[in-house]
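The block underneath contains the structure these notes are about, expressed in structure tokens.
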Amino acid sequence: MTVRTRIGPSPTGDPHIGTAYIALMNYLYSKKNNGQFILRIEDTDQARSSQHSEAAILESLRWLGLEWNEGPDCGGNHGPYRQSERLDIYREHISLLLEKGHAFHCFCTPERLENMRSEQRNNKQNTKYDGCCLALDEKDVKRNLEKKLPYVIRMKVPVDGVCQIKDMLRDPSEISWALVDMQVLFKSDGYPTYHLANVVDDHLMEITHVIRGEEWINSTPKHILLYQYFGWQQPEFCHLPLLRNPDKSKLSKRKNPTGILYFRDMGYLPEALVNFLALFALSISEGEEKRSLELLLEDFDLKNISLGGPVFNIEKLKWLNSRYIRDDYSADKFITALQEWALARKDISELATEIQSRTEVFADVIPLVGFLFSAQIEVTESNLLSKKIDRSLLRQFFYITITRTEKIDSWTISGIEEFLRKNAALLELNFRDLIPSIYVAITGNKQSLPLFRSMHFIGKNLTRERLKNALATIGNPTKKEKKAWDKLS
Ligand code: GLU
């Protein structure tokens, strides 16, 4: 048997460091076992998926050097590798389940489902589908379909018995089927849900080991049942604990930078990031952390991953990065890599005329553009605050802007302006009055290169980090404020 692993990212936003971690574990597992690693784009959520995000995922995994054997760009024998291009396959399979009586049409309206759930909540029960449409016979279904009533297709779940779950990192466990929901497999928009698509694809793509994030562990019984319904052999499951902040909270953008491309843009080396993430699956002593890929593979074992959650300690990553820069780079190699980094980050010529018009002598340029290439800049409270804007409103503006950057997909110059204006309008603030404070937050100065262009140049991730720094300088929100402000954003 050839070991085949896969990463199945959904292209809905910036590629997250958590995806790099899961991808790397899949990659290393396949390498260690002389197997293959597959990239599959899980874009069944039509509303949230974007090409921009898919391109960024490919770019960031490629930057890390996690080459895949099959994928949407390079093809393979099990394609297509984009779920939106496999709809016929899912349709065929859902028909099969309907024929065999393992799935059923559900015509319940969203209102009915909401009432059902709120009743269940009131009765302190788990919220799950109550099986109302199981009572429909063939004729009822036919009639409803003729009437063109909207429907979804759900899977049937046994009433009695238990599901046995095996996981590579955990003791075997059981869950009673009565607790498992009759999952929607096919949505009213004609797209499959993650559950159906994922199982069908893993089978057809001959995936032998499903190594994925722990957030999917509760879905596993449904997947196991689908394998049984189709009469397929199930793969091995391995649910990896999620990355955590040093305070053990879930790694989130609000606390730490989490975009893979942020690390690239800040000048982390891919080999350092890979080395750092791989350490979670190694059991080694202090002082042995810096390792080539071969050495990482030698001691790699998923069982070493701490179930309590691997801690993403950015200081350790920085230290490792500095070791690579100092130990592995000759002066020449260092300068070449530095130049490549500066140029690859983005072409400074997009700001050429603005820089030129602010230059008397060339020596003016370095201080002027410094903020574009720095990780963090110094800002002071007095520079950030302005007489025209109430401090609390300015904090609120920064807060909602940070939160909302997650929702913008493409980061264009005009889009950035519109985005900031909208946030100002939401708080009924005069946009012009706000500009100087945003300026300081981003550039560190009251006067500099044009704001929106600069934000575009430094990118969304760094913009978010700068705003976070500004917010911390004038006062992070209290828990109560966060709650109130979250409602707005
Ligand atoms: N599309 C899922 C995700 O984005 C993949 C989960 C899985 O690997 O099964 O996390």
Q | Distance, nearest 0.5 Å, that separates NZ of K460 from CD of E465 | A | 13.0 Å
Q) Would you say N33's side chain and V3's backbone share a donor-acceptor pair under 3.5 angstrom? A) no
Q) Quick check: does any side chain N or O of R4 sit under 3.5 Å from a backbone N or O of M205, one acting as donor and the other as acceptor? A) yes
Q: May I ask you to establish whether K187 and Y191 are in a cation-pi arrangement, using a distance under 6.0 Å from NZ or CZ to the six-membered ring centre and at most 45° from the ring axis?
A: no
Q) Should K479 and E481 count as an ion pair when the cut-off is N to O under 4.0 Å? A) no
**Q.** Contact summary for Y229 and L97, nearest pair of heavy atoms
**A.** CB-CD2, 3.7 Å
Q. Any Lys/Arg nitrogen of E114 or R121 sitting under 4.0 Å from an Asp/Glu carboxylate oxygen of the other?
A. yes
Q) Do any N or O atoms from the side chain of D202 and from the backbone of I207 form a donor-acceptor pair under 3.5 angstrom? A) no
Q.
Measuring only between side-chain heavy atoms, which start at C-beta, is F107 closer than 4.5 Å to V152?
A. no
Q: For residues F230 and H93, establish whether the separation of their ring centroids is below 6.0 Å.
A: yes
Q) Going by atom types only, do Q233 and H203 share a side-chain donor-acceptor pair under 3.5 Å? A) no
Q: Flag the pair L296 / L282 as yes when at least one side-chain heavy-atom distance between them is below 4.5 Å, and no otherwise.
A: yes
**Q.** Euclidean distance, L243 CG relative to L277 CG, rounded to 0.5 Å
**A.** 7.0 Å
Q.
I'd like to know if D73 and R82 make a salt bridge, using a cut-off of under 4.0 Å between side-chain N and carboxylate O.
A. no
(Q) Looking at N144 and V141, would you say the former's side chain and the latter's main chain have a donor-acceptor pair under 3.5 Å? (A) no
Q. If you measure from the Lys or Arg side-chain nitrogens to the Asp or Glu carboxylate oxygens, is any gap between R264 and E59 under 4.0 Å?
A. yes
Q) Are W68 and I7 close enough that some pair of their side-chain heavy atoms sits under 4.5 Å apart? A) no
(Q) Would you say the ring centers of Y399 and W485 fall short of 6.0 Å from each other? (A) yes
Q. Around atom OH of Y151, are there more than 12 heavy atoms of other residues, nucleotides or ligands at under 6.0 Å?
A. no
Q. Can you pull the side chain to side chain donor-acceptor pair (under 3.5 Å) pairs that have at least one residue in residues 218-227, sequence neighbours excluded?
A. Q183-K222, H195-H223, R212-T220, R212-H223, T220-H239
(Q) Treating S30 as the side-chain partner and G35 as the backbone partner, does any N or O pair qualify as donor plus acceptor under 3.5 Å? (A) no
Q: Identify whether the distance between the nearest side-chain nitrogen and carboxylate oxygen of K142 and E138 falls below 4.0 Å.
A: no
Q.
With a 6.0 Å cut-off (strictly less than), is the heavy-atom count around NZ of K303, excluding the residue itself, greater than 12?
A. no
Q: Report the relative orientation of the aromatic rings in Y29 and H209; use parallel for angles under 30°, tilted for 30 to 60°, perpendicular for over 60°.
A: tilted
Q) Is there a donor-acceptor pair under 3.5 Å between the side chain of Q120 and the backbone N or O of K128? A) yes
Q.
Hydrogens and angles aside, do S249 and N245 bring a side-chain donor and acceptor to less than 3.5 Å of each other?
A. yes
Q | Validation row: E174, I165 side chains within 4.5 angstrom (heavy atoms) | A | no
Q. Thinking salt bridges, do D328 and K290 make one under a 4.0 Å N-O criterion?
A. yes
Q.
Taking salt bridge (charged side-chain N to carboxylate O under 4.0 Å, His left out) as the definition, give me every residue that meets it alongside E214, ordered by chain and number, with sequence neighbours left out.
A. R170
Q: State which residue, out of N321, L24, L320, L64, fulfils the side-chain contact (heavy atoms from CB on, under 4.5 Å) condition with L273.
A: L64
Q) Is it the case that R6 places NZ or CZ above or below the six-membered ring of F37, under 6.0 angstrom from the centre and within 45 degrees of the axis? A) no
Q. Is there a side chain to side chain donor-acceptor pair (under 3.5 Å) between S84 and D43 once you walk through the steps?
A. CA-CA 6 Å; S84 58; D43 56 350; 2.7 Å; yes
(Q) Measuring centre to centre across the rings, with the benzene-like ring taken for any Trp, is W216 within less than 6.0 Å of Y194? (A) yes
Q: Please say which of R112, R117, R154 ends up in a salt bridge (Lys or Arg N to Asp or Glu O under 4.0 Å) with D130.
A: R112
Q: Quick one: pull up NZ in K139 and CG in L136 and give me the separation to the nearest 0.5 Å.
A: 13.0 Å
Q | Note: R323-D327 ion pair, threshold 4.0 Å (strictly below) | A | yes
Q: Answer with yes or no after comparing the ring centroid distance for F276 and F312 against a 6.0 Å cut-off, counting only values under it.
A: yes
Q) Which pair of non-hydrogen atoms, one from P11 and one from I57, has the smallest distance, and what is that distance? A) CA-CD1, 3.8 Å
(Q) Run L462 and Y262 through side chain to side chain contact (heavy atoms under 4.5 Å, CB included) and show every step you take. (A) CA-CA 7 Å; L462 188 51; Y262 167 85; 4.0 Å; yes
Q) When rounded to the nearest 0.5 angstrom, what distance separates CG in L39 from OG1 in T5? A) 11.0 Å
Q | Salt bridge flag under 4.0 Å for residues K483 and D486 | A | no
Q. Considering only heavy atoms from C-beta outward, does the side chain of M182 approach that of L134 to under 4.5 Å?
A. yes
